[in-house]
Amino acid sequence: MSAVPAYSYPQPRRQPQRAPRPGVRAIPGGGRKPQEQGVSSQILFFAKVITAALLAFAVVCCVRVALSAATVSTAMQTQELNQQISEAREQGNALEVVQSTLSNPSYVKTAAAEMGMVAPQTTEYIDVGQDVVATDDAGNLLLTQSLERASSLGA
């Protein structure tokens, strides 16, 4: 036979013996409160104020730069327009001088004499009579009246 017992029962484990603890008694309330770690509320407020001020300053600077650029652009356009106006006035003055020279009767007579033109000895007129074409008050052509006028001239 074998040396193994037929039944084995679990053996309770033995716990090591602990030394007795001293008694602890809790006193309610008033204990140490954990202190907040981080930034105080005043520093956070000042940081927000400084950030807002810097943003406002940046916006004001951007607006100022935009206005300055617009002013420079407008000044350049004004200068260009003034130059174009001066050139147009100079051309107008030159054209007035040319027109007054060309319309001067003595200049016209001198230019005609240089070309060999002379004034006529006599002047004659041609009477063409009544116009054959008839119109109403609005300026529209009237065919029947025009035909009547043409037939009366031919007869």
Report the C-alpha separation of Thr78 and Thr74 in whole Å, then their side-chain angles, then the decisive distance to 0.1 Å, and conclude whether the side chain to side chain contact (heavy atoms under 4.5 Å, CB included) test is met. CA-CA 6 Å; Thr78 303; Thr74 305; 4.2 Å; yes
How far does [atom1] of [X] sit from [atom2] of [Y], to the nearest 0.5 angstrom?
X      : Y      : atom1 : atom2 : result
Ile50  : Phe45  : CD1   : CZ    : 10.5 Å
Ser100 : Tyr107 : OG    : OH    : 11.0 Å
Met115 : Thr110 : CE    : OG1   : 10.5 Å
Arg64  : Thr71  : CZ    : OG1   : 11.0 Å
Leu142 : Thr135 : CG    : OG1   : 6.5 Å
Ile43  : Lys48  : CD1   : NZ    : 13.5 Å

Suppose clustering is done on Ile, Leu, Val, Met, Phe, Trp and Tyr with side-chain heavy atoms closer than 4.5 Å. Which residues sit in the same group as Leu95? none
Is there a side-chain contact between Val133 and Leu141 in this structure, where contact means two heavy atoms from C-beta onward sitting under 4.5 Å apart? yes
Is the number of heavy atoms from other residues, nucleotides or ligands under 6.0 Å of Gln42 CD greater than 12? no
Is there a donor-acceptor pair closer than 3.5 Å between any side-chain N or O of Ser73 and the backbone N or O of Ala69? no
Given 3.5 Å as the limit, does a donor-acceptor pair link the side chain of Ser146 with the main chain of Ala134, or not? yes
